[in-house]
Colleague: 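Sharing a structure with you now.
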Amino acid sequence: MKVAIFGNVQYPIEEGAVYERLDIHEVVKNNKLDGEYDRIVVSNCLPELRRDKVMPFFKLVHDALTQRGEIIIQVPSAEYACKQMFTNNHNNMVFYMLYGNDAVPFRACYTLLSLRTLVERSGLVVRKAAQELMEIQTTTGEKDVMPVHALIGVRND
Amino acid sequence: MSGTMDKPIVDIGVACNFAQSYQWWVSVMNLVLNESRWGDVTINAIRTVGSALPDHNKNNVIGNFVKRNALTDTNRTEVVKGFLDGRADYIFWLDDDTAPPPDAITRLYKAGREFVSGVYFLPQPPYHPIAYVRNAEGLYHPVVKYPKGALVQVDSVGMGCALIHKSVYQKIKDEHKVFVRTTGSLAAIHKSQIKNPVFTSHKKREKPFVKAGYLSEQVIPQAPDDDRTFPFYQLEYGRTEDHYFCELAENVGIKPWLDTTVVCEHWKMQGVNNVQHEKYELEQEGLE
């Protein structure tokens with residue numbers, strides 16, 4: 001199994017699988033994603049893309065997946081973050097969820113419905129769309145859990 | 001798949017009370033028209049039953065293809081029998097007060113799951129979805145605070161907007177054995193939970209009893225000449241028949257998925273949908 005990983009995430013290693021770490025900005029800039037992958041993991045980096053680059057990226061992902069290959073996407077939950085802002089419960093994590101950080105600013109945020117709609121429009125079949133908790137570590141080493149949307153899409157042309 | 005142009009064939013199963021609101025009929029007609037014209041499925045038949053109750057003495061099939069001499073032995077389970085005897089790949093369950101969106105079946109089919117449900121809501125506060133997760137004590141709690149657009153696995157769903165592949169029923173049937181209880185009712189037990197010896201009769205008829213923390217009851221295997229159908233749906237211990245079915249499915253490794261983009265109206269005196277549910281949640285959180 002060949003797996004592409006976008007994003008700074010620790011991904012569980014499966015025996016016999018080949019892993020390749022890729023940069024989402026490079027792929028979008030070159031408009032090219034070579035190779036065939038059984039799984040593409042896009043963890044907490046989709047918000048770094050400008051909105052007009054998201055669908056072209058999904059198109060590249062779609063074409064790079066094998067038949068029945070799957071994309072796993074995790075993005076910060078816009079619903080959760082906005083609710084915290086609205087009720088004045090914001091903290092550093094909430095600001096990060098909406099805006100990213102200085103090194104990696106976010107350019108878009110996603111509700112689960114908007115993310116699912118985008119993935120479906122790219123021709124992938126959504127097999128799971130849920131809210132989960134992701135453990136994150138700050139640059140100073142502090143750990144926290146962040147509500148994320150986790151979506152699995154499958155290529156089934 | 002054997003439908004037109006490789007489209008899957010779907011039967012629609014409806015548990016009916018006496019009369020349905022005109023709004024419900026409009027939505028069902030729209031569903032059938034829409035799916036027939038533009039959907040990714042082929043509608044094969046509408047199978048209706050006179051009550052959702054699984055008591056074999058009380059119900060009345062009015063639309064099943066299975067012919068019968070009397071109107072006394074039918075229920076949701078009988079609809080399933082007709083479905084299993086037919087050519088459809090899936091059954092889409094509706095209640096006579098749940099009005100699905102016109103593309104509900106296609107959208108549920110596209111989720112690619114063998115057992116998937118749309119969402120409909122309790123028709124009174126707190127308007128929670130009729131979809132549940134089970135706690136450690138075995139009790140069911142409604143799924144709440146889900147984000148819009150969720151497609152998540154749950155422990156139980158209602159049969160008011162559920163698409164189920166034929167293989168789910170077949171697998172349940174293959175992996176369970178049916179016993180007759182002391183009440184004469186049927187119980188399906190997963191074969192892995194049956195310990196020998198199994199008696200085909202008992203010398204003395206005894207009432208169920210509790211001993212050492214176990215409820216014990218005499219049961220005998222369903223006789224070959226007992227023509228009652230497999231008990232896919234049963235009301236028991238104050239629980240609705242959908243929980244029973246979901247537990248049978250779980251026994252064979254299949255749990256339902258809930259697609260919250262397929263939102264039904266739940267018609268009682270007025271329609272209830274996600275609007276009331278979300279308003280209630282926002283009120284509870286002080287956001288409205």
Side-chain angles (χ1 to χ4, degrees), chain A residues 46 54 62 65 67-90 94 97-98 108-134 146-157, chain B residues 1 6-8 39-41 101 103-119 129 131-133 143-155 157 163 165 254-263 273-275 277-288:
Chain A
L46 197 67
V54 173
H62 174 276
L65 281 172
Q67 270 299 322
R68 305 278 175 172
E70 64 182 19
I71 181 174
I72 298 174
I73 308 172
Q74 291 169 317
V75 296
S77 165
E79 294 93 317
Y80 173 83
C82 292
K83 199 175 273 183
Q84 301 312 307
M85 292 295 283
F86 191 72
T87 52
N88 289 317
N89 280 326
H90 39 75
V94 170
M97 291 172 74
L98 291 169
C109 62
Y110 296 89
T111 64
L112 186 60
L113 185 60
S114 65
L115 181 65
R116 182 171 170 179
T117 304
L118 289 169
V119 172
E120 285 177 341
R121 275 173 50 195
S122 72
L124 296 164
V125 177
V126 171
R127 295 271 290 162
K128 180 183 173 185
Q131 190 159 277
E132 295 177 354
L133 292 173
M134 177 191 242
M146 176 172 76
V148 294
H149 295 318
L151 185 146
I152 299 176
V154 176
R155 180 173 178 178
N156 186 19
D157 296 345
Chain B
M1 304 289 173
D6 292 331
K7 286 181 182 179
D40 286 351
V41 300
D103 56 351
I105 302 176
T106 290
R107 280 162 60 187
L108 292 175
Y109 166 65
K110 281 185 170 173
R113 301 287 177 184
E114 53 211 331
F115 182 5
V116 58
S117 170
V119 62
Y132 304 89
V133 288
V143 175
V144 291
K145 301 196 186 305
Y146 60 85
K148 278 185 180 176
L151 176 59
V152 290
Q153 200 168 40
V154 294
D155 290 318
V157 293
L163 183 69
H165 194 264
I254 298 163
K255 285 172 76 167
W257 287 77
L258 180 71
D259 189 339
T260 66
T261 62
V262 179
V263 180
N273 60 20
N274 56 320
V275 175
H277 171 65
E278 283 158 17
K279 189 167 182 290
Y280 182 85
E281 280 202 334
L282 289 172
E283 280 171 4
Q284 295 298 306
E285 292 182 53
L287 294 170
E288 186 167 294

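Just so we're clear, the structure is a prediction, and the values are computed from it rather than from any experiment. Note on naming: letters A, B, ... go to the chains in the order of the sequence lines (proteins, then strands), and numbering restarts at 1 for each one.
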Colleague: Taking every heavy-atom pair that is under 4.5 Å apart, which of B:Thr261, B:Leu151, B:Val152, B:Asp259 has the most such pairs with chain A?
Modeller: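 Among B:Thr261, B:Leu151, B:Val152, B:Asp259, the one with the most close pairs to chain A is B:Leu151.
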Colleague: If you compare all heavy atoms of A:Ala129 against all heavy atoms of B:Gly149, which two are closest, and at what distance to 0.1 Å?
Modeller: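 Scanning both residues, the minimum pair turns out to be CB-O, 3.5 Å.
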Colleague: Top residue by heavy-atom pair count (under 4.5 Å) with chain B, among A:Lys128, A:His149, A:Glu79, A:Gln131?
Modeller: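 Heavy-atom pairs under 4.5 Å are most numerous for A:Lys128.
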Colleague: What part of A:Thr111 is in contact with chain B, defined as an atom under 4.5 angstrom from a non-hydrogen atom: side chain, backbone, both or neither?
Modeller: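 Answer is neither: A:Thr111 stays 4.5 Å or more from chain B.
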Colleague: Let me know if A:Arg127 has heavy atoms under 4.5 Å from chain B in its side chain, its backbone, both or neither.
Modeller: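 Contact with chain B involves both backbone and side-chain atoms of A:Arg127.
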Colleague: Between B:Lys148, B:Gln153, B:Lys110, which shows the greatest number of heavy-atom pairs under 4.5 Å with chain A?
Modeller: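 Most heavy-atom pairs within the cutoff with chain A belong to B:Lys148.
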